[in-house]
Protein chains: 2
Amino acid sequence: MIENQAKFVKYIEENKNELVNTLAEAVGIPSISGDASYRPEVVRMGKWLESQFKDAGAQTSLHDLGKQNLNGQELDLPPVVYAQIGEDPKKKTVLVYGHYDVQPALKSDGWDSEPFKLVEDEKTGRLYGRGSTDDKGPILGWLHVLRAHKALGIELPVNLKFCFEGMEESGSEGLEEFVSKEATGLFTGVDAVCISDNYWLGTSKPCLTHGLRGIAYFKLEIKGPARDLHSGVFGGMVHEPMTDLVKIMSTLVSPDGKILIPGVNDQVAPLTDKERAVYDVMDFSLSDVENAAGSKTTVSENKPDVLMARMRYPSLSLHGIEGAFAEPGSKTVIPARVVGKFSIRLVPDMQPETIVEAVKKHVEQEFEKLHSKNTMSLHPDQPGKPWMADPNHWNYEAAFKATQDIYGVKPDLTREGGSIPITLTFADKLDRNVLLLPMGRSDDGAHSTNEKLDLSNYIKGTELLGSYLYEVANFAP
Amino acid sequence: MIENQAKFVKYIEENKNELVNTLAEAVGIPSISGDASYRPEVVRMGKWLESQFKDAGAQTSLHDLGKQNLNGQELDLPPVVYAQIGEDPKKKTVLVYGHYDVQPALKSDGWDSEPFKLVEDEKTGRLYGRGSTDDKGPILGWLHVLRAHKALGIELPVNLKFCFEGMEESGSEGLEEFVSKEATGLFTGVDAVCISDNYWLGTSKPCLTHGLRGIAYFKLEIKGPARDLHSGVFGGMVHEPMTDLVKIMSTLVSPDGKILIPGVNDQVAPLTDKERAVYDVMDFSLSDVENAAGSKTTVSENKPDVLMARMRYPSLSLHGIEGAFAEPGSKTVIPARVVGKFSIRLVPDMQPETIVEAVKKHVEQEFEKLHSKNTMSLHPDQPGKPWMADPNHWNYEAAFKATQDIYGVKPDLTREGGSIPITLTFADKLDRNVLLLPMGRSDDGAHSTNEKLDLSNYIKGTELLGSYLYEVANFAP
């Protein structure tokens with residue numbers, strides 16, 4: 001560790017209380033983006049955040065994203081809080097993304113304490129409160145990186161730009177257009193992107209995340225009669241849409257999760273021995289999956305296979321059927337029109353367009369086999385591409401080294417099974433390497449009751465963010 | 001035709017207006033059993049009916065069936081109207097069933113006229129109004145059989161007992177217990193039962209109906225995770241209940257309606273040449289099915305095959321899935337617990353218990369093949385037996401002959417695909433032959449808007465009911 005980095009880490013260690021106090025202030029503002037009545041609180045949170053970054057030495061500005069329609073009500077979108085510090089052309093420029101809005105929370109949902117009051121459990125070292133880990137802890141981590149350097153009177157090792165939005169929990173409305181527009185405006189000169197808005201795979205070992213699955217969602221419609229029919233009167237006489245649909249849906253995936261659609265698995269990037277070895281050592285066990293799912297129903301007893309099924313292989317899930325009888329009880333209807341919903345999670349090197357074509361061809365062939373007089377049509381949603389960043393890029397090398405600096409271990413290199421659409425937006429619009437550098441743990445309960453951030457994750461996580469900047473300065477060419 | 005029968009027929013022909021006027025009076029009482037606020041009207045209708053039968057010469061009584069709970073409100077059930085006329089031990093005794101309650105109807109549902117005002121269309125000869133065909137026309141047909149004989153001063157050829165209920169459109173609550181109790185009470189000495197509460201197969205040829213399908217309803221439950229899971233995070237890692245359920249549901253029935261469960265089709269009574277010939281001449285065409293379904297999706301182009309699929313073969317329909325995503329839109333859920341709903345329509349000689357066993361064995365075998373870690377359970381509803389009466393019984397011979405007397409044609413001998421539970425109740429509790437002798441046509445729209453009864457069906461139908469009594473006296477041993 002070089003001198004300035006060491007000073008910074010020491011400062012954070014000695015000012016834990018200040019970090020906790022700032023987090024308590026932030027958690028105290030119920031910035032719920034999904035509830036119109038809390039919109040003023042979201043805006044208040046944005047303004048508070050801007051003033052904090054300004055006090056910490058950044059140049060700041062608020063950016064209007066226009067209006068939204070929330071359940072019939074027209075509302076101003078909360079502003080993007082932009083901040084920047086440093087303009088040294090000899091330094092690298094890192095763009096940081098985070099969000100200052102939170103999920104809804106009521107004590108009556110099952111919280112043990114008031115959700116919008118930060119509560120520290122001295123015994124477990126946990127900080128409870130809505131937004132503690134998602135995503136107020138991480139954005140205040142960055143704030144304290146700035147504060148520490150200001151207090152110590154030392155220069156930051158890189159130039160920083162910050163983009164904090166207030167709508168992440170509600171579909172990031174307006175942000176893609178903003179990023180697109182500012183790619184050649186505010187975000188000019190960005191060399192790499194860092195996002196701290198996901199979690200460790202487990203509860204003890206840090207990780208870096210370099211991949212997310214994409215998704216192709218399908219609606220398979222089968223229509224026959226002009227109206228729902230009574231199965232007593234018509235059962236046996238007509239081709240029933242449900243029978244056809246269930247037959248086709250049964251040909252899509254095997255019970256152990258293998259996709260049965262020809263041409264889909266061929267597109268998956270081949271597994272290398274080196275890559276496979278990564279999964280053996282990951283901080284993750286089958287019981288983590290079982291605890292999260294609440295059942296012992298993993299498709300395999302082999303940990304790397306189960307992990308790879310989530311991170312590096314596609315999956316196909318059948319979500320349900322629209323138009324059929326879905327209530328409790330016994331209804332003897334022959335539904336006239338049914339729509340099967342299923343989706344495929346996409347991984348590198350799968351091309352969404354090719355996958356849509358393969359699904360279309362397959363369901364058409366399967367429908368033809370049925371010799372049904374009903375009619376079938378496939379309606380794919382706009383697919384979302386998978387994302388994978390090059391983990392050999394200096395942005396990742398810096399994060400690996402910084403994690404070793406602070407935690408003394410080599411972090412796991414993970415991918416996640418779901419999507420964080422904004423990641424793809426930054427990667428695509430800015431054409432820069434994006435790093436996901438989580439602060440919290442897998443059991444933080446981000447969208448759940450009793451959301452928490454471990455104090456140690458907050459403190460060491462802040463040290464990690466600052467150290468990452470020092471290592472960027474070291475590793476970047 | 002013997003003299004008295006001919007006099008009766010002539011009387012009905014000459015008193016058409018009286019028949020229409022009585023029907024207008026009955027349709028004017030909105031005796032909707034399914035709506036608590038109309039309950040006084042149902043009771044008023046019962047009392048009106050009783051007084052009409054008393055005036056026509058019958059001994060009458062009202063029978064309390066106790067209370068019901070309708071949407072949390074405790075209500076008196078409408079009474080059974082009982083009537084009897086004739087006690088000659090040398091004559092046969094026929095029990096007639098009918099119902100005086102009706103389906104709900106509002107002009108705003110799409111009626112061309114006020115539903116509770118009988119409207120005669122002189123051009124088409126149709127009588128429009130709620131209850132005209134279901135079932136006020138038929139029960140007033142019986143009333144006019146009595147009135148005509150009283151006016152003519154001639155004796156009825158058989159003893160008659162009448163059982164009219166006011167809850168048929170709401171599950172016949174209380175009736176099964178009543179019939180059971182009165183089997184050895186009011187209904188002592190009954191030789192045969194006649195019910196006029198169904199419809200011709202088509203629109204031009206009368207029919208007698210001697211069979212109804214039963215039903216076995218199944219709920220197939222598959223459970224896995226303790227809660228719904230996100231397909232991004234868990235897709236590929238765990239056995240998904242929907243995948244298992246859809247696989248099993250796809251093994252139950254072929255797209256052309258053949259039941260694939262071993263041991264089910266073996267139980268169906270074999271088809272004889274004589275029986276097959278019946279279907280060739282039935283007044284029914286594929287276009288009748290197509291018009292009713294609103295689509296050209298019959299499982300075959302061969303009329304007898306399509307008719308037999310409804311009347312004499314079992315069918316299996318997949319109704320839907322509870323617990324899965326059934327709304328419009330795109331949700332990426334892995335449902336934790338799903339329940340597939342399906343039912344089998346039963347025909348002679350199928351034994352409900354054996355069918356339930358066969359289904360259980362089949363789904364267990366299919367589930368085993370999946371090697372899934374989820375759990376499966378099958379929940380069958382209480383099954384309803386199929387019903388078939390012997391069409392060679394004098395009760396049917398009398399109805400065949402009476403139809404030829406009045407319509408000049410041999411009626412079709414049909415079965416229906418659905419169930420009329422009260423039929424089975426009378427057949428079982430009284431152990432007597434039951435005849436279904438319809439008055440209206442297939443296009444009467446019994447539960448629909450613009451319900452109608454053709455004047456000719458009302459008049460000739462009334463003549464048929466009376467003539468049937470004369471033929472009973474001729475044919476009964």
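Since we're looking at a predicted model, the values are computed, not measured. Letters go in sequence order (proteins before strands), and every chain restarts at 1.
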task: Might you work through the side-chain contact (heavy atoms from CB on, under 4.5 Å) test for A:V268 and A:R312, ending with a clear yes or no?
output: CA-CA 8 Å; A:V268 178; A:R312 69 107 50 223; 3.6 Å; yes
task: Begin with the C-alpha distance, continue with both residues' side-chain angles, and end with the deciding distance and a verdict on side-chain contact (heavy atoms from CB on, under 4.5 Å) for A:L316 and A:V264.
output: CA-CA 11 Å; A:L316 191 154; A:V264 166; over 6 Å; no
message: If you apply the rule side-chain contact (heavy atoms from CB on, under 4.5 Å), what do you find for A:D444 with A:R441, and how did you get there?
response: CA-CA 6 Å; A:D444 281 357; A:R441 302 182 186 182; 3.8 Å; yes
message: Could you walk me through whether A:N198 and A:L212 satisfy the side-chain contact (heavy atoms from CB on, under 4.5 Å) test, starting with their C-alpha distance in whole Å, then the side-chain angles of each, then the deciding distance to 0.1 Å, before giving a yes or no?
response: CA-CA 11 Å; A:N198 66 317; A:L212 297 168; over 6 Å; no
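The backbone N or O of A:Y313 sits less than 3.5 Å from a side-chain atom of A:R213, completing a donor-acceptor pair. Between the side chain of A:R345 and the backbone N or O of B:V233 there is no donor-acceptor pair closer than 3.5 Å.
With chain A as the partner, the residue from B:R227, B:M249, B:K223 showing the most heavy-atom pairs under 4.5 Å is B:R227. Chain A forms the most heavy-atom pairs under 4.5 Å with one residue out of B:M242, B:M311, B:K258, B:H239, and that residue is B:H239. No other option in A:S315, A:S343, A:A324, A:P255 has as many heavy-atom pairs under 4.5 Å with chain B as A:P255. When each of A:G257, A:G224, A:P225, A:G323 is checked for heavy-atom pairs under 4.5 Å with chain B, A:P225 comes out on top. Listed options B:L307, B:T332, B:D244, B:L229 were ranked by heavy-atom pairs under 4.5 angstrom with chain A; first place goes to B:T332. In terms of heavy-atom pairs under 4.5 angstrom with chain A, the leader among B:L245, B:V306, B:I259 is B:V306. Counting heavy-atom pairs under 4.5 Å between each of B:D305, B:L252, B:V333 and chain A puts B:V333 at the top. With chain B as the partner, the residue from A:P328, A:G417, A:A309 showing the most heavy-atom pairs under 4.5 Å is A:P328. Note: A:G418 leads A:S372, A:S419, A:G418 in heavy-atom pairs under 4.5 Å with chain B.
Ion pair B:K373/A:D256 not flagged as a salt bridge, since none of the NZ, NE, NH1 or NH2 atoms sits closer than 4.0 Å to an Asp/Glu carboxylate oxygen. With respect to A:K331 and B:E322, no salt bridge is recorded, no charged nitrogen being found less than 4.0 Å from a carboxylate O.
The shortest non-hydrogen separation linking A:N265 to A:P314 is OD1-CG, 4.1 Å. Between A:D134 and A:A446, the closest heavy-atom pair is OD2-CB, 3.8 Å. The two residues B:V246 and A:S250 come nearest to each other via the heavy atoms CG1-N, 3.5 Å. A:S442 and A:T203 make their closest contact through OG-CG2, 3.8 Å (heavy atoms, listed as atom of the first residue, atom of the second, distance). When all heavy atoms are compared, the tightest approach of B:Y217 to A:G329 is OH-O, 4.3 Å. Between A:C207 and A:Y199 the shortest heavy-atom distance is SG-O, 3.8 Å.
Under 3.5 Å, the side chains of B:T209 and B:T414 contain a donor-acceptor pair of N or O atoms. Residues B:K247 and A:S254 bring no donor and acceptor atom of their side chains to less than 3.5 Å of each other.
Taking non-hydrogen atoms and a 4.5 Å limit, the residue list of residues 284-300 of chain A in contact with chain B, ordered by number, reads A:V289, A:N291, A:A292, A:A293, A:G294, A:S295, A:K296, A:T297, A:T298, A:V299, A:S300. At a heavy-atom separation below 4.5 angstrom, chain A is approached by B:L370 within residues 364-371 of chain B. By a heavy-atom distance cut of under 4.5 Å, A:I334, A:P335, A:K341 are the residues of residues 334-342 of chain A near chain B, going up by number. Contacts between residues 376-384 of chain B and chain A, counted as heavy-atom pairs separated by less than 4.5 Å, involve B:D381.
Distance check: A:T251 OG1 to A:L260 CG gives 7.5 Å after rounding to the nearest 0.5 Å. Here the straight-line distance linking atom CZ of B:R276 with atom CE of B:M308 works out to 4.0 Å at 0.5 Å rounding.
For the pair B:I422 and B:E168, the minimum side-chain heavy-atom distance is 4.5 Å or more. The shortest distance between side-chain heavy atoms of B:R415 and B:P348 falls below 4.5 Å. Counting heavy atoms from C-beta on, the side chains of B:P241 and B:E221 never come closer than 4.5 Å. A heavy-atom distance below 4.5 Å is found between the side chains of B:V347 and B:M350.
For A:E327, the part lying under 4.5 angstrom from a heavy atom of chain B is the backbone only. Both the backbone and the side chain of A:R310 come within less than 4.5 Å of a heavy atom in chain B. For a residue to count as touching a neighbouring chain, one of its non-hydrogen atoms must lie under 4.5 Å from one of that chain's; by this rule A:I215 touches chain B with the side chain only. Both the backbone and the side chain of B:H319 come within contact range of chain A, judged by heavy atoms closer than 4.5 Å.
Counting non-hydrogen atoms of other residues, nucleotides and ligands closer than 6.0 Å to NZ of A:K385 gives a total of 12 or fewer.
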